[in-house]
Amino acid sequence: MSAGRVAGIGALEELTSTYPTANVTRMPGELLVPGFNDAHVHPLFAAEPELRVNLEPATVTSTDHALHVLREKASGTPPGDWIVGAGYDVIHAPDPQLDRGLLDSVSTEHPIYVIGSTWHAAIANTPALDAITTDPTIGDESGGYFARDGDHLTGWMFELPHMNVAWSGSDRPDLLPALPRPALVGALRTQHRIFNAHGITSYTDALVTPHTWEAYRQLFKEGDPTTRASVALWHTHRDLLDHGDFGSANDEWLRLVGVKLMYDGAISGGTCLCSGPYASATDTGNGIQVMTRGDLFQIVAELHGRGIRACVHANGDRAISDVLDAVEHAQAARPDERLAHRIEHCSLLDDHLIARIAATGCIPIPFSGFIYHHGDSLVSRYGAERAGRVARHRSLLAAGITVAGSSDYPCGPLDVMAGLHSMTTRVTTSGAVVGRAERVDALIALCVYSAGSAHATGEGTIKGRLAPGLLADFTVLSRDIVRNPDWFQDCSVLATWIDGREVWAAPGTI
């Protein structure tokens, strides 16, 4: 290694002969691979429970416990100030679930707002709903809905009504109180240590606002980083690209990868937009279209014309088709611009959609560990045939498409080993196999989580492989999973190196 770059590769004898003054470090374990690169995570979402009121299942064990924690917070909060909870498990919450009435029993002197663990839903009490529903731009017709029991609002809200509360845009302040920048910087440092323990040396934060962007800027300005980051700016702030500093940090440590849009809901939560009916959580037989086709076309065309990558969240096959329609329309208007736009999650695919992805040059970012963690529930909700067409890594790669690896942490577990195991086996938690034909071998899975993700940020020429001149970011594994993929479940990360220096080592390793 030289100045944070790989100087050469080969047999030890050959390298010591070529570089006789180089220091020799003996690595533990059996396999050294390029540093893992998670192409879609939300580290500050993961930090929210610690920075707000922590309602994660590991912290609160029942609904009564959650209400007790919120009451304690209310007792020390001035009337009128917002109380924000985070990490509430909206999918597996115990009965009775939190709702408007229960939150009102905590306090009606404070707006109380509980963010769901998926970040696709939230629950509000009456004062919070009064503040939210007086905004005429937030309504059922705007890409989501407020749940009702007859004419009564239950306090639950899904998709855009929640997004407009948390990430409203540059033309108006967010309703939720912003977290202090020093707290966000500290949270990022903590998250980076967690990433390093999983062998991650690079990632993409798939949704930032100007406020969280400044936390990133400060973090990297303070120096001694242990992880490289790229970020996608939430689309309601894209006007700031004209006069902000979002392009000034596009270096090997921090860069803007594009602009984030959201077109449908969650596939695990049953709110994605599909071409055929399924047992959706909306009880309509289908999911939620978060923005209109017209808005999607307009924003993608605008970004494409400016040479800015669109990073569009789309899970269902109908949503993915609409995104490809928008990209094809933008490319027809500006065929000289061949920017590779991203389809975040890109979950449910048929062969025709895969061919269109290849033709447009889009980069799919499918969940890596999704089949293992959610495969059984996918079969129940969508049927076995459609479930087998989720996260089609093998078919995408066979079509010549570069595929990135991602966890969607904290909406999914960060564990890279579990993601690699899921991609190579397609085995669920129950032991069933879902979509056997989409299995990939271990070496390909490793490439997806390294070189594939580097390509998704436009950095394939500087990282993602161990080759002379590329960044010296690598991970040391305890087992040679390429030689024997059955070792995935027994494999662990022993050390993580970035820029030619060790930033994490497993306890007890030398």
Side-chain angles (χ1 to χ4, degrees), residues 1-39 192 195-196 198-204 220 223-231 247-258 307 309 338-340 342 361 363 365 397 400-406 416 442-477 480 482 493-505:
M1 294 177 290
S2 176
R5 301 273 178 165
V6 176
I9 58 173
L12 179 61
E13 296 78 7
E14 176 186 342
L15 292 173
T16 53
S17 174
T18 305
Y19 306 98
T21 62
N23 294 325
V24 176
T25 301
R26 299 283 181 177
M27 298 290 178
E30 298 181 356
L31 186 65
L32 188 146
V33 298
F36 297 133
N37 186 338
D38 197 318
H192 284 189
F195 287 175
N196 294 154
H198 286 279
I200 294 171
T201 57
S202 296
Y203 67 89
T204 296
F220 284 95
D224 199 30
T226 65
T227 311
R228 306 180 196 274
S230 56
V231 302
S248 62
N250 280 343
D251 56 27
E252 295 170 355
W253 291 102
L254 175 64
R255 66 172 53 211
L256 178 74
V257 69
R309 184 181 286 107
R338 295 298 296 176
L339 184 67
R342 294 169 43 134
I363 305 170
I365 321 286
L397 291 164
I401 298 165
T402 300
V403 183
S406 76
V416 177
L443 181 59
I444 294 300
L446 287 167
C447 290
V448 166
Y449 242 116
S450 52
S453 296
H455 178 72
T457 57
E459 298 174 283
T461 59
I462 64 169
K463 68 183 182 185
R465 297 175 291 126
L466 294 177
L470 272 63
L471 296 172
D473 300 349
F474 54 87
T475 297
V476 182
L477 302 180
D480 186 348
V482 174
V493 174
L494 296 182
T496 304
W497 289 61
I498 189 167
D499 209 38
R501 60 191 175 93
E502 187 179 69
V503 295
W504 184 85

Next item on the list: Locate the shortest heavy-atom distance separating Gly8 from Pro468; write the atom from each residue and the value.
Entry: CA-CG, 4.1 Å

Notebook entry, point to check: Is any side-chain heavy atom of Leu397 closer than 4.5 Å to a side-chain heavy atom of Val448?
Noted result: yes

Note to self: Is it the case that the side chain of Arg228 and the backbone of Glu252 share a donor-acceptor pair, with hydrogens and angles ignored and the cut-off at 3.5 Å?
What the structure shows: yes

Margin query: To the nearest 0.5 Å, what is the distance between OG1 on Thr461 and NE2 on His455?
Written below: 11.0 Å

Notebook entry, point to check: How long is the gap from CG on Leu494 to CH2 on Trp504, to the nearest 0.5 Å?
Noted result: 7.5 Å

Note to self: For a 4.5 angstrom cut-off between non-hydrogen side-chain atoms, does Ile200 reach Val416?
What the structure shows: yes

Item checked: Thr475 side chain reached by Tyr449 side chain, heavy atoms, under 4.5 Å -> no

Note to self: Quick check for you: to the nearest 0.5 Å, what is the distance between Leu32 atom CG and Asp480 atom CG?
What the structure shows: 11.5 Å

Check: What closest approach, in Å, do Asp38 and Ser406 show between heavy atoms, and which atom pair accounts for it?
Finding: OD1-CA, 3.2 Å

Next item on the list: Please confirm whether the backbone N or O of Ile365 pairs with a side-chain atom of Arg342, one donor and one acceptor, at under 3.5 Å?
Entry: no

Next item on the list: Mind listing the closest non-hydrogen atom pair of Tyr19 and Ala7 along with its distance?
Entry: OH-O, 3.1 Å

Next item on the list: Measure across Ser450 and Gly35 and return the closest heavy-atom pair with its distance rounded to 0.1 Å.
Entry: CB-O, 4.0 Å

Next item on the list: For Phe36, check ring pair (Phe, Tyr, Trp, His ring centres under 6.0 Å) against everything at least two apart and list the hits.
Entry: none

Check: Say you draw a straight line from CD1 of Ile462 to OG1 of Thr457; how long is it, rounded to the nearest 0.5 Å?
Finding: 7.5 Å

Checklist line | Qualifying salt bridge (Lys or Arg N to Asp or Glu O under 4.0 Å) pairs with a residue from residues 442-460, counting only residues at least two apart or across chains | finding: Arg255-Glu459, Glu459-Lys463

Check: Does Glu13 offer a backbone N or O that forms a donor-acceptor pair with the side chain of Thr16 under 3.5 Å?
Finding: yes

Notebook entry, point to check: Do the non-hydrogen side-chain atoms of Ile498 and Trp253 ever get within less than 4.5 Å of each other?
Noted result: yes

Next item on the list: Could you tell me whether the side chain of Val257 reaches within less than 4.5 Å of the side chain of Arg309, counting heavy atoms only?
Entry: yes

Checklist line | Side-chain touch Tyr203/Thr227, heavy atoms, less than 4.5 angstrom | finding: yes

Notebook entry, point to check: Roughly how far, to the nearest 0.5 Å, is the CG atom of Leu471 from the CZ atom of Arg5?
Noted result: 4.5 Å

Check: For the residue pair Ala39 and Ser453, what are the closest heavy atoms and their distance?
Finding: CB-OG, 3.7 Å

Next item on the list: Could you please spell out the steps behind the side-chain contact (heavy atoms from CB on, under 4.5 Å) verdict for Leu12 and Arg26?
Entry: CA-CA 11 Å; Leu12 179 61; Arg26 299 283 181 177; 3.6 Å; yes

Notebook entry, point to check: Is Thr496 close to Phe474 at the side-chain level, that is, under 4.5 Å between some pair of heavy atoms?
Noted result: no

Note to self: So Asp473 and Asn37, do their side chains get closer than 4.5 Å, heavy atoms only?
What the structure shows: no

